[in-house]
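Down below is the structure, laid out as structure tokens.
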Amino acid sequence: MHWIKKIVDDIIARNDPKIVIHTGKTPSGPIHIGSEREQFICSAIQIELKKRGYESIFNFIIDSFDPLKSIPIGIEVPKDFEENIGRPLYLVPDPYGCHESYAHHFSEEFIECQNDLGVYFNVIYAHEIYKKKEMKDAIRKVLKNLDKLREIRSKYIKDEEDDWNPVMVVCDSCKRIASRKGGVIPNRLEEWNLEKDIAKYKCIACGYENEKSISELLLKLSWRVDWAAKWAIFKVTCEPAGKDHCVKNGAYDMALEVCYEIFNYIGPLKVPYEWLTLGGRAMKTHKGITFTPKEWLKIAPPECMRYFILNVEPMRHIEFLPERIPDIVDGFDRIERIYYGLEKPIEDYQYYRDLYELCIIGKIPDKPPIRLPYRFCIVMVQLEELLGENKVIKKSIDYIRKIGHNIGKEVTDDDISDAIKRLNMAKNWVALYAPENMKFKIKLEEPTYRPSDEKEVGFIEAIISLLEKDLSEYELQGEIFNTARKIGIEIEKAFSIMYMILLGSNKGPRLAPLLLALDRDWLIKRLKSVLQKTS
RNA sequence: GGGCCCGUAGCUCAGCAAGGUAGAGCAGCGGGCUUUUAACCCGUUGGUCCCGGGUUCAAAUCCCGGCGGGCCCGCCA
């Protein structure tokens, strides 16, 4: 049984009139695949709910009202961009100049990938929420019940700030909501009068003072309270959160208490999840340790990313290494075959069925899709320079036809377009992430190999004459073995000679197809050149 | 100081809730594809289940105590 079922049991047991699922993210930089875990958990919840006949609402809250606290490593910014530190992210210009704001740039880059990944949510920007009457009322409620709130807070946070209040304000003059002096210090309301509905502040960054009505001021709640207010306003049923917030007596727990005591709402079901690590290190936006969904989609299919993450219980670490993409894709292909009964179920057949249904995007095909194996793609795309794109595609389609034939299914247009997508992905993967031992390249410069004895010379000569015949790939591969035996040269040695001449390495992909792929005249010339040098 | 997760084959991890003869994938090795090299198929090697106690007829699994690794906990989501 898949773990998502237990979560959905708990959701249904709440008996909420409407099921509302939330996730949230501060767009302080590129949004990485760690955050995708949250989206996939919610997406999986929706799928399972739907199976049981329940509709649900899924909102993605973008915390665009949070201040810019630092500029993440790896982001190129214009001169004097530091000026924007302390401004809410939706008021910070897009450093790349292509979106409405800093917040929009990074959010939209993430959001654009989501439908491709099978995630469908409503996008809600926090700065828009704060314009609404419900949020203004929440702020009034907070100010009215400030003593009670301080009391709750004191249970979770120990400091000497007894004049603490959670209402932050955007300065009318410098547009900052916080200032960086030592740490990042929030700009707070100083005085307020709830009867007259007015409040006053003095900007901590620039010193500007102002008094306006609560409706007119740009106000924000500090985040544990902000979270609680959003839960209450949207009547949130469930919101997953990273393990950092879910620590006992941490942010989530305090927000739950605030939600109940101040806003009279029970609060959502807490679903904690562990982080993804990248090469052993936690992904951190501000340190530039990221890997984004957009980058994933360049190198591997989206359903494989769902498989990679949804296969693991939420509280377990996931170690992501881009070098291991071929394993991940193979893993997905395997559960697909299990799903369609093409591979024997090992143990928990039901688990794999459930998992597959959570991974596949859109309608589950009646017949098994025919997949071009990723490892096959890796070899093929490295021959593209020689074969040309069309021949690579043709060979790949022939290959899936063969697989289709074996399982008694005709290749469809979808299968073909999937294969072509995989080839493109593998090409990117080879260029960006492949370890050296998976790569090979035909050497165009002079080979450094020289035959060391008569047998080797004889072998190369024999290969040249083989090439002058029009042998099929199959025949050629066989003849290479025959020739080596006939001459009395070790098979292993024979192959490594050929690879040395062509690749400058003693290993390579299957030889016959490689030889046939090359221009014959060029190849013969090259082999002869090795012989001439020796005499 | 507090919390969470992990420790099982060379690698990545299942198995632990309901204790009953240690599993998978990949890698390796061997074979097949009428004649071994990085597509495909079959077979196969491989493990003090981190350590020490306890409970039990029986512990990878439950309990206690350690060790090792990773991460989190300041209004920095």
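So you know, we letter chains A, B, ... as the sequences are listed, proteins then strands, and number each from 1. All values below come from the heavy atoms of this structure, side chains included, with hydrogens, waters and symmetry mates left out.
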Inset, instruction - Report the distance from atom CZ of A/R334 to atom P of B/A14, rounded to the nearest whole Å. - result: 14 Å
Legend entry - Pairwise side-chain hydrogen bond (donor to acceptor under 3.5 Å, both in side chains) hits with a residue in residues 243-258 of chain A, at least two apart: A/K155-A/E257, A/Y156-A/E257, A/K243-A/E274, A/D253-A/K270
Inset, instruction - Provide the Watson-Crick or G-U wobble partner of B/U56, both distances under 3.5 Å; none if there is no partner. - result: none
Legend entry - Short side-chain donor-acceptor distance under 3.5 Å, A/S107 and A/H104: no
Legend entry - Those residues of residues 242-258 of chain A lying under 4.0 Å from RNA chain B by at least one heavy atom: A/K243, A/D244, A/H245, A/V247
Inset, instruction - Tell whether A/D327 reaches the base of B/U12 with its side chain through a donor-acceptor pair below 3.5 angstrom. - result: no
Inset, instruction - For B/U35 and B/U45, measure between their P atoms and round to the nearest Å. - result: 28 Å
Inset, instruction - Respond yes when some side-chain nitrogen or oxygen of A/R316 is under 4.0 Å from OP1 or OP2 of B/A14, and no when none is. - result: yes
Inset, instruction - Send over the distance from A/Y307 OH to B/G25 P, rounded to a whole Å. - result: 12 Å
Inset, instruction - Please work out if A/I157 contacts a base, only the sugar-phosphate, or nothing of the nucleic acid, heavy-atom cut-off 4.0 Å. - result: sugar-phosphate
Inset, instruction - Scan A/S28 against the nucleic acid and name what it touches under 4.0 Å (heavy atoms): base, sugar-phosphate only, or nothing. - result: nothing
Inset, instruction - Mind checking A/D330 for me? I need base, sugar-phosphate or nothing, with any heavy atom below 4.0 Å counting as a touch. - result: nothing
Legend entry - Rounded distance in Å between the C1' positions of B/C13 and B/A58: 27 Å
Legend entry - A/A494 or A/E313, whichever maps to the more 5' nucleotide of RNA chain B: A/E313
Inset, instruction - Could you check whether the rings of A/H127 and A/Y90 sit parallel, tilted or perpendicular, using 30° and 60° as the cut-offs? - result: parallel
Inset, instruction - With a 3.5 angstrom cut-off on both distances, give the Watson-Crick or G-U wobble partner of B/U35, or none if there isn't one. - result: none
Inset, instruction - Rounded to whole angstrom, note down the C1' distance from B/A22 over to B/G46. - result: 13 Å
Inset, instruction - Not counting sequence neighbours, which residues clear side chain to side chain contact (heavy atoms under 4.5 Å, CB included) with A/V247? List them please. - result: none
Legend entry - Heavy-atom donor-acceptor pair, A/R324 side-chain to B/U12 base, under 3.5 Å: no
Legend entry - B/C6 and B/G53, which share atom name C1', separated by this distance in whole Å: 22 Å
Legend entry - Any side-chain heavy-atom pair of A/E389 and A/I393 under 4.5 Å: yes
Inset, instruction - Would you mind reporting whether A/C359 and A/F332 have side-chain heavy atoms less than 4.5 Å apart? - result: yes
Inset, instruction - Could you pull out the closest heavy-atom pair between A/V225 and A/F263, with the gap in Å? - result: O-CE1, 4.0 Å
Legend entry - Same-atom distance (P) from B/G3 to B/A59, integer angstrom: 30 Å
Inset, instruction - Could you check how far CD of A/Q382 sits from C1' of B/A39, rounded to whole Å? - result: 13 Å
Legend entry - Phosphate OP1/OP2 of B/C72: any A/K284 side-chain N/O under 4.0 Å: yes
Inset, instruction - Indicate, with a heavy-atom threshold strictly under 4.0 Å, whether A/W164 touches base, sugar-phosphate, or nothing. - result: base
Legend entry - B/C4: pairing nucleotide in any strand, Watson-Crick or G-U under 3.5 angstrom: B/G70
